[in-house]
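Notes for the one structure printed next.
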Amino acid sequence: MNRGLSAIFVVASLIVLAGCTVSVEPVDPFPGALERQVSGDFETVVASGVLNGNSSVVYEMRLSSSNLDDQAVYFELDTDLDLYVYNENGSLFATSSGPEFFGSGDVGLQSLVPSSTGFEPLAVRASLICRGSCVIRDANSSLFYVRIGNPTSSQRAYSLFAYTDQYEDVGEFENDTPSGAVTLQVGEETGAIESIGDVDYYSPAVTGQLRFATSATVNIQAVVIDSNSRRIDVPLDEPFEVFPSDLIEVTVLNDDEAAVSANSLYFLTLE
C-alpha cells in the first residue's frame, strides 16, 4: 500500500470512529459481592452468617435514596470482627474492630484503643452504644460496600445491621462551620464527634468561665480561637475564661478517628 492510500484509509477510519459512541462499563470493585438493602430500623438484621478462620465476606449495600445528606448511615456488627466500609468506587473509607471507635483507612483496626478520661456524666443525652464493631458516616451515596473479616483461626458467627438515622448530636450539620456556631448559653451543652473529620463550633453568649469535660474513648479536644485568631487549648475539667468574641472549636486530636455517640461525648459548661 502506498503512502497516499494509507492516508486515505486513516482518514476514513477516523470518520467512521467519529460516528461511533464508545461506552465504557464501570469497574465493579468487588465482583460477587452479596447485595443487601440498608434499612431504616436499627433492630433489622440485613445479613448474617458464619465466617471460617482468616476469611471474609463482602456485601454491596444499597440505599433506597441518595438524597440523605442530612442523615447518617450506621454499619454495625453484633460482635468484634474486623469491619471495613468502602465508598462507591471501592476506596476504603473507614474500619473498626470493636465498639469503642472507628478510624479512616485501617486506623480502626488498631489494637490499642485511646484511653478514656474516666469522666462519668450525670446526664447523657447522646448515649447510643454499638453492639460490636461499627462505622458511622454521612448517608450521601446510594451505594457502599462492607467487608467483614475474621482475623482469628476459629469460626465466628455475625449479624450485620445497616440502617439510616439522624446523628445523635442534634447540632449536626449546622455547627460544622464557624458561621454556624451554636450560641453557648450559661449552663451545659453536650455534643459528640460521631463522624470522621467532624468539627463543632460554639460562640459564648457572655463572658464567663468555661469547663470542658469528656467521657470519650477518642481523644477529643477543645480550642478557643480569640479575636486575634490565636488558638488556645482549653484544659480538661478546669475553668477557662471566655468572651463573646471567642470561637470554641471541638474536634478529635487525631482527626481520622470518631466513635458512636456514647463513646465520643463531650460537655461544655459556661458559668
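Keep in mind that the numbers below use all heavy atoms, side chains included, and drop hydrogens, waters and symmetry copies.
- Counting only distance, with no hydrogens or angles, the side chain of N87 and the backbone of N89 share no donor-acceptor pair below 3.5 Å.
- Using modelled atom types, no side-chain atom of N52 and backbone atom of S55 make a donor-acceptor pair closer than 3.5 Å.
- Minimum heavy-atom separation, P244 to T207: CD-OG1, 3.4 Å.
- One finds the CD1 atom of I196 at 10.0 Å from the CZ atom of F101 (value rounded to the nearest 0.5 Å).
- Residues V57 and M61 share a single hydrophobic cluster, defined by chaining ILVMFWY side chains whose heavy atoms lie under 4.5 Å apart.
- Annotation: the span from I248 atom CD1 to I225 atom CD1 amounts to 10.0 Å, rounded to 0.5 Å.
- Atoms OH and CD, on Y266 and E189 in that order, are 7.5 Å from each other to the nearest 0.5 Å.
- Of the charged side-chain nitrogens involved, none lies within less than 4.0 Å of a carboxylate oxygen, so that R211 and E188 do not count as a salt-bridged pair.
- Taking Y74 as the reference, nothing meets the side chain to side chain donor-acceptor pair (under 3.5 Å) condition, with sequence neighbours excluded.
- When all heavy atoms of T251 and I193 are compared, the pair lying nearest together is CA-CD1, 4.2 Å.
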List the steps and the verdict of side chain to side chain contact (heavy atoms under 4.5 Å, CB included) for L83 and V146.
CA-CA 7 Å; L83 177 65; V146 171; 3.5 Å; yes
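- Side-chain N or O atoms of S96 include none that pairs as donor or acceptor with a backbone N or O of V135 at under 3.5 Å.
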Hey, mind stepping through L210 and V234 against side chain to side chain contact (heavy atoms under 4.5 Å, CB included) and telling me if it holds?
CA-CA 8 Å; L210 175 71; V234 179; 4.2 Å; yes
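- For the pair R147 and Y84, the cation sits on the ring face: its NZ or CZ lies under 6.0 Å from the ring centre, inside 45° of the axis.
- The backbone N or O of V260 sits nowhere less than 3.5 Å from a side-chain atom of N263 that would complete a donor-acceptor pair.
- The shortest heavy-atom contact between S203 and A181 is N-CB, 4.2 Å.
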Assess the residue pair Y201 and D176 against the criterion (side chain to side chain contact (heavy atoms under 4.5 Å, CB included)); give the C-alpha distance rounded to whole Å, side-chain angles, the decisive distance to 0.1 Å, and a yes or no.
CA-CA 6 Å; Y201 290 96; D176 290 352; 5.9 Å; no
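- Between the side chain of T214 and the backbone N or O of I220 there is no donor-acceptor pair closer than 3.5 Å.
- Looking only at distances, no side-chain donor or acceptor of D82 sits under 3.5 Å from a matching main-chain atom of I148.
- Looking only at atom types and distance, the side chain of S195 has no donor-acceptor partner in the side chain of R137 under 3.5 Å away.
- Checked against ring pair (Phe, Tyr, Trp, His ring centres under 6.0 Å), F93 has no partners two or more places apart in sequence or in another chain.
- Across every non-hydrogen atom of S264 and A259, the tightest pair is OG-O, 3.0 Å.
- In this structure, D233 has no salt bridge (Lys or Arg N to Asp or Glu O under 4.0 Å) partners at least two apart in sequence or on a different chain.
- Judged by distance alone, the side chain of T95 and the main-chain N or O of G108 form a donor-acceptor pair under 3.5 Å.
- The distance from atom CD of Q37 to atom CD of E60, rounded to the nearest 0.5 Å, is 10.5 Å.
- Nearest heavy-atom pair, P235 versus F240, reported as atom, atom and distance to 0.1 Å: CD-CD1, 3.6 Å.
- Here the side chain of E194 pairs a donor or acceptor atom with the backbone of E168 at under 3.5 angstrom.
- To the nearest 0.5 Å, atom CZ of residue F102 and atom SG of residue C134 are 6.5 Å apart.
- Listed here is the closest heavy atom pair of Y163 and R131: CE2-NH2, 3.8 Å.
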